[in-house]
2 protein chains.
Amino acid sequence: MGKASRNGKALAALATGRLRQAGLRPTRQRVELAGLLFLDCDRHVTAESLHDQVTKSGVKVSLATVYNTLHQFTQAGLLRQVIVDAARSYFDTNTGDHQHFFLESEGLLIDIPGESIAVAGVPTPPPGLSVDRVDVVVRVRRT
Amino acid sequence: MGKASRNGKALAALATGRLRQAGLRPTRQRVELAGLLFLDCDRHVTAESLHDQVTKSGVKVSLATVYNTLHQFTQAGLLRQVIVDAARSYFDTNTGDHQHFFLESEGLLIDIPGESIAVAGVPTPPPGLSVDRVDVVVRVRRT
DNA sequence: GTGTTTGCAAAGTGTTTGCAATTTA
DNA sequence: TAAATTGCAAACACTTTGCAAACAC
């Protein structure tokens, strides 16, 4: 058995476990996508970028399924949606407390650890409203 | 001369001046939109909400022109685009330093003065990148 | 008059959905 | 086998664009 194949099987097993834990049936497509998303380091993807990647890896998954899967993973708490660009939706495999640098011209997101950053002086929300989350986007440009 | 008419003329004159300053021809449509946008308090609009408002006030402006005008005003520095929702673009008449509360379920934006809020601990961006702007969105919900 | 702006309708983009065929358990 | 999932294509919402007619200066 070659290395790639062995890795492939190990990855699939890990991905399958993660999906089961989340209450999602480990279908071929979900296992493939989970393998790409969760078994590397933290990642930021769009539906299109993930679809491209899975397609290039030789696996056939429709774009509609990628969209559906991203939302299912998000609902299951495996992903977090990041709103930084009016044109497309990003999904982040890091679901913990953190913020982002965003380089709009290249669609590049970079994590900022939650501990390093602090937002002070947030006023009390108007009556009847309470704070859900504080998002910080540090927009950067090439110098 | 009635009150409404007098106010209407005064508003139009002010709006016309503002447009001229910004280097934009004071066409009927631009004067109407500028009147709605700039002569009240600070406002947050979408293309659709502004189009509805101008239409209800009895003036005919096409939605395409509203979109174009919002972008022209933004380029001229009269408006600032706020990215908080994947589904629609908001434009803010307050172009100064400030942040926002956002109530997603109702599409409601509320300004937070820039002086009241402080973001500490933003790491140095990766080499080759520099900070353009720091956006803070305090997402709130009804309690 | 001359160049700008408008409005319409058509095109475009990213995303969602209905439903038959397929797959999972 | 029963229920869940997929893929396709069509539908969708929002936004942009091409171009002839209307307008500002």
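Every value quoted in this text rests on a predicted model; they were computed, and no experiment measured them. Below, chain A is the first sequence line, B the second, and so on; all start at residue 1. These numbers come from the heavy atoms of this one structure, side chains and all, not from hydrogens, waters or symmetry mates.
The CD-C1' distance, from B:Glu48 to D:dT16, rounds to 16 Å in whole Å. Atoms CG (B:Leu50) and P (D:dC14) sit 15 Å apart, rounded to a whole Å. Spacing between atom CG of B:Leu63 and atom P of D:dT17 amounts to 14 Å, rounded to whole angstrom units. The CZ-C1' distance, from A:Phe91 to C:dG14, rounds to 11 Å in whole Å. Summarising the geometry, the separation between CG on A:Asp85 and P on D:dC14 is reported as 17 Å, rounded to the nearest angstrom. Atom CG in B:Leu24 sits about 13 Å away from atom P in C:dT4, given to the nearest Å. Taking atom CG on A:Leu19 and atom C1' on C:dA25, their separation rounds to 15 Å, with Å as the unit. When rounded to the nearest whole Å, the span between CD of A:Gln72 and P of C:dT17 equals 12 Å.
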Can you give one letter per nucleotide of nucleotides 7-13 of chain C, going 5' to 3': B for a protein heavy atom under 4.0 Å from the base, S for sugar-phosphate only, - for none?
BB-----
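With a 3.5 Å limit on both pairing distances and Watson-Crick or G-U wobble geometry required, the stems of 3 or more pairs in DNA chain D span C:1-25 with D:1-25.
Side-chain N or O atoms of A:Thr93 include one that pairs as donor or acceptor with a backbone N or O of A:Arg43 at under 3.5 Å.
Remark: A:Gln81 pairs with A:Ser89, A:Phe91 by the side chain to side chain contact (heavy atoms under 4.5 Å, CB included) rule, at least two apart or across chains. Remark: B:Arg88 pairs with B:Thr46, B:Glu48, B:Asp85, B:Tyr90 by the side chain to side chain contact (heavy atoms under 4.5 Å, CB included) rule, at least two apart or across chains.
Side-chain N/O atoms of A:Arg20 include one lying less than 4.0 angstrom from OP1 or OP2 on C:dA25. Residue A:Ser89 has a polar side-chain atom (N or O) positioned under 4.0 Å from OP1 or OP2 of C:dT15. A sub-4.0 Å separation between OP1 or OP2 of C:dT6 and a side-chain N or O of B:Thr27 is present. One finds a side-chain N or O of A:Tyr67 lying less than 4.0 angstrom from the OP1 or OP2 phosphate oxygen of C:dT15. Checking the phosphate oxygens (OP1, OP2) of D:dC14, no side-chain nitrogen or oxygen of B:Thr46 falls inside 4.0 Å.
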Let's go through A:Ile110 and A:His100 carefully: what are the C-alpha distance in whole Å and the side-chain angles of both, what is the deciding distance for side chain to side chain contact (heavy atoms under 4.5 Å, CB included) to 0.1 Å, and is it a yes or a no?
CA-CA 5 Å; A:Ile110 301 169; A:His100 295 98; over 6 Å; no
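For the side chain to side chain contact (heavy atoms under 4.5 Å, CB included) test with B:His51, the passing option among B:Leu33, B:Val45, B:Val66, B:Thr65 is B:Val66; the others fail.
Here the side chains of B:Leu37 and B:Leu79 are in contact, with some heavy-atom distance below 4.5 Å.
Counting only residues at least two apart or on different chains, the side chain to side chain donor-acceptor pair (under 3.5 Å) pairs with a member in residues 123-143 of chain A are A:Glu106-A:Arg142, A:Ser130-B:Arg141, A:Asp132-B:Arg141, A:Arg133-A:Asp135, A:Asp135-B:Arg139, A:Arg139-B:Asp135, A:Arg141-B:Ser130, A:Arg141-B:Asp132.
Between B:Leu36 and B:Gln53, the shortest heavy-atom distance links the atoms CD2-NE2, 3.6 Å.
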Donor-acceptor list for residues 13-22 of chain A side chains, cut-off 3.5 Å, not counting sequence neighbours:
unit_1: A:Thr16; atom_1: OG1; unit_2: A:Ala12; atom_2: O; d: 2.7

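Remark: the A:Arg25 side chain and the D:dT5 base include no donor-acceptor N/O pair separated by less than 3.5 Å.
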